[in-house]
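Every number for a ligand or one of its atoms is a count from 1 in the order of the listing.
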Amino acid sequence: MRLEGKTILMTAAGQGMGRASALACAAEGARVIATDVNQEALETLRSASANIETHHLDVMDAQAIQVLAEQLPDLDGLFNCAGFVHHGTILDLSDEAWEFSVNLNVTSMVRLTRALLPGMLRRAEQGGSASILNMASMASSIKGFPVRTAYGTTKAAVIGLTKAIAADFVKQGIRCNAICPGTVDTPSLRGRIAAAADPVQAEKDFIARQPMGRLAQVADITPMVVYLLSDESMFVTGQAMLVDGGVTI
Ligand code: NAD
């Protein structure tokens with residue numbers, strides 16, 4: 001099992017790619033500390049695997065991050081998965097909406113990594129290594145998409161943050177990478193489709209931007225998550241790994 005002996009914390013593990021990643025990592029032998037704001041979703045996740053323990057965590061709550069960090073063991077892996085898609089151009093973007101996206105998509109990763117990195121450095125000092133994985137997107141510094149100003153800007157910042165952390169700690173056994181999925185069929189994508197003026201057309205449009213003619217399923221994404229959190233990717237750091245079904249060919 002590729003993650004045997006590793007303890008990995010994940011945010012936004014209640015549904016979508018976070019949940020699928022928690023289950024995939026647990027199946028590979030990791031002890032998974034799964035966090036989310038949705039307590040009900042966490043309970044069903046905990047009952048799905050003996051390797052998963054759960055904690056309520058709002059990643060926008062700086063104090064809650066500190067409190068949780070003090071209770072945790074030193075970690076081998078951290079998957080910063082939480083993020084939010086704001087829909088709109090720069091002309092639709094209020095200061096409040098901008099600040100919300102920055103706080104949820106970027107500041108949360110800064111705070112969580114800052115709180116957990118000392119323990120990861122201790123793990124690495126004991127002869128091992130530790131891996132940080134940040135959820136970015138193909139919609140970022142990699143490619144611009146319509147009505148994704150706050151999203152693309154903040155996911156670009158996630159890639160910058162990833163490279164900065166990787167550069168600072170490369171000599172101390174810490175790796176940091178970002179994963180950049182294409183359009184993935186998750187509950188929040190379904191919500192975006194349902195919220196469109198014409199949901200049938202909106203789904204067609206999301207599929208049309210994927211050259212393979214289909215949405216990604218979470219199972220298309222989890223192998224890359226497991227790889228980047230495992231020792232198989234020991235020589236990989238500072239990278240933004242696209243799993244986008246060919247959008248950015
Ligand atoms: P999702 O959006 O359906 O679920 C997100 C989870 O985050 C939910 O369980 C929710 O309860 C939790 N959450 C919301 N606010 C939170 C907070 N403040 N603190 C902690 N948890 C919180 O899942 P998804 O679509 O797989 O998205 C997960 C990540 O992947 C996001 O960062 C998203 O931007 C990114 N992403 C999604 C897609 C896609 O097409 N779905 C593509 C690329 C990247």
Side-chain angles (χ1 to χ4, degrees), residues 9-24 33-46 54-65 67-68 78-87 99-109 111-112 133-143 145 147-159 161-162 178-195 202-203 205-207 209-210 212 214-222 224-225 228 240-245 247-248:
L9 183 132
M10 300 192 183
T11 67
Q15 67 182 33
M17 286 181 271
R19 185 183 187 90
S21 298
L23 290 166
I33 302 170
T35 70
D36 201 285
V37 284
N38 183 337
Q39 196 64 42
E40 214 176 304
L42 286 179
E43 272 155 32
T44 60
L45 183 61
R46 187 174 45 217
T54 58
H55 289 271
H56 181 275
L57 178 67
D58 177 350
V59 295
M60 296 179 76
D61 183 339
Q63 204 189 341
I65 288 174
V67 169
L68 180 62
L78 165 64
F79 182 16
N80 285 309
C81 183
F84 172 74
V85 180
H86 175 268
H87 181 93
E99 280 162 26
F100 181 82
S101 283
V102 170
N103 286 337
L104 180 46
N105 294 2
V106 188
T107 308
S108 71
M109 294 191 188
R111 287 184 176 141
L112 211 61
L133 178 57
N134 295 327
M135 178 57 88
S137 172
M138 65 177 179
S140 57
S141 46
I142 297 169
K143 185 169 166 61
F145 285 84
V147 290
R148 290 289 179 267
T149 300
Y151 189 69
T153 309
T154 52
K155 291 300 189 183
V158 170
I159 294 174
L161 174 68
T162 299
I179 184 164
C180 304
T183 315
V184 190
D185 196 351
T186 66
S188 70
L189 181 79
R190 289 287 153 195
R192 288 190 285 285
I193 290 170
E203 181 167 4
D205 291 345
F206 276 122
I207 293 170
R209 73 183 196 180
Q210 293 295 137
M212 290 185 184
R214 68 171 178 89
L215 300 174
Q217 299 302 310
V218 292
D220 292 311
I221 308 301
T222 51
M224 182 63 85
V225 172
L228 290 172
M241 304 293 260
L242 280 155
V243 189
D244 70 353
V247 173
T248 56

Checklist entry - If we only count heavy atoms from C-beta on, is the Val184 to Leu189 side-chain gap below 4.5 Å? => result no
Next on the checklist: Holding to side-chain hydrogen bond (donor to acceptor under 3.5 Å, both in side chains), I want the full list of residues that pass it with His87, two or more places apart in sequence or in another chain.
Outcome noted: Arg148
Next on the checklist: Among residues at least two apart in sequence or on other chains, which ones pass side-chain hydrogen bond (donor to acceptor under 3.5 Å, both in side chains) with Glu203?
Outcome noted: Arg190
Item to check | Heavy-atom check, side chain of Asn38 versus side chain of Arg19, under 4.5 Å | outcome: no
Checklist outcome for this item: Hits for side-chain hydrogen bond (donor to acceptor under 3.5 Å, both in side chains) against Ser141, two or more places apart or cross-chain, chain-then-number order -> none
Checklist entry - Less than 4.5 Å apart, any side-chain heavy atom of Ile207 and any of Leu215? => result yes
Could you list each nitrogen or oxygen of ligand 1 that sits under 3.5 Å from a protein nitrogen or oxygen, with the atom names and the distance?
| residue | atom | partner | partner atom | Å |
| --- | --- | --- | --- | --- |
| ligand 1 | 2 (O) | Ser188 | OG | 2.8 |
| ligand 1 | 3 (O) | Gln15 | NE2 | 2.8 |
| ligand 1 | 3 (O) | Ser188 | N | 3.0 |
| ligand 1 | 3 (O) | Ser188 | OG | 3.3 |
| ligand 1 | 4 (O) | Gln15 | NE2 | 3.2 |
| ligand 1 | 9 (O) | Gln15 | N | 3.4 |
| ligand 1 | 9 (O) | Asp36 | OD1 | 3.4 |
| ligand 1 | 9 (O) | Asp36 | OD2 | 2.7 |
| ligand 1 | 11 (O) | Asp36 | OD1 | 2.6 |
| ligand 1 | 18 (N) | Asp58 | OD1 | 2.8 |
| ligand 1 | 19 (N) | Val59 | N | 3.0 |
| ligand 1 | 25 (O) | Thr186 | OG1 | 2.6 |
| ligand 1 | 25 (O) | Ser188 | OG | 3.0 |
| ligand 1 | 26 (O) | Met17 | N | 2.8 |
| ligand 1 | 32 (O) | Cys81 | O | 2.7 |
| ligand 1 | 32 (O) | Gly83 | N | 3.2 |
| ligand 1 | 32 (O) | Lys155 | NZ | 3.0 |
| ligand 1 | 34 (O) | Tyr151 | OH | 2.8 |
| ligand 1 | 34 (O) | Lys155 | NZ | 3.3 |
| ligand 1 | 36 (N) | Tyr151 | OH | 3.3 |
| ligand 1 | 40 (O) | Val184 | N | 2.8 |
| ligand 1 | 40 (O) | Val184 | O | 3.4 |
| ligand 1 | 41 (N) | Val184 | O | 3.3 |
| ligand 1 | 41 (N) | Thr186 | OG1 | 3.2 |

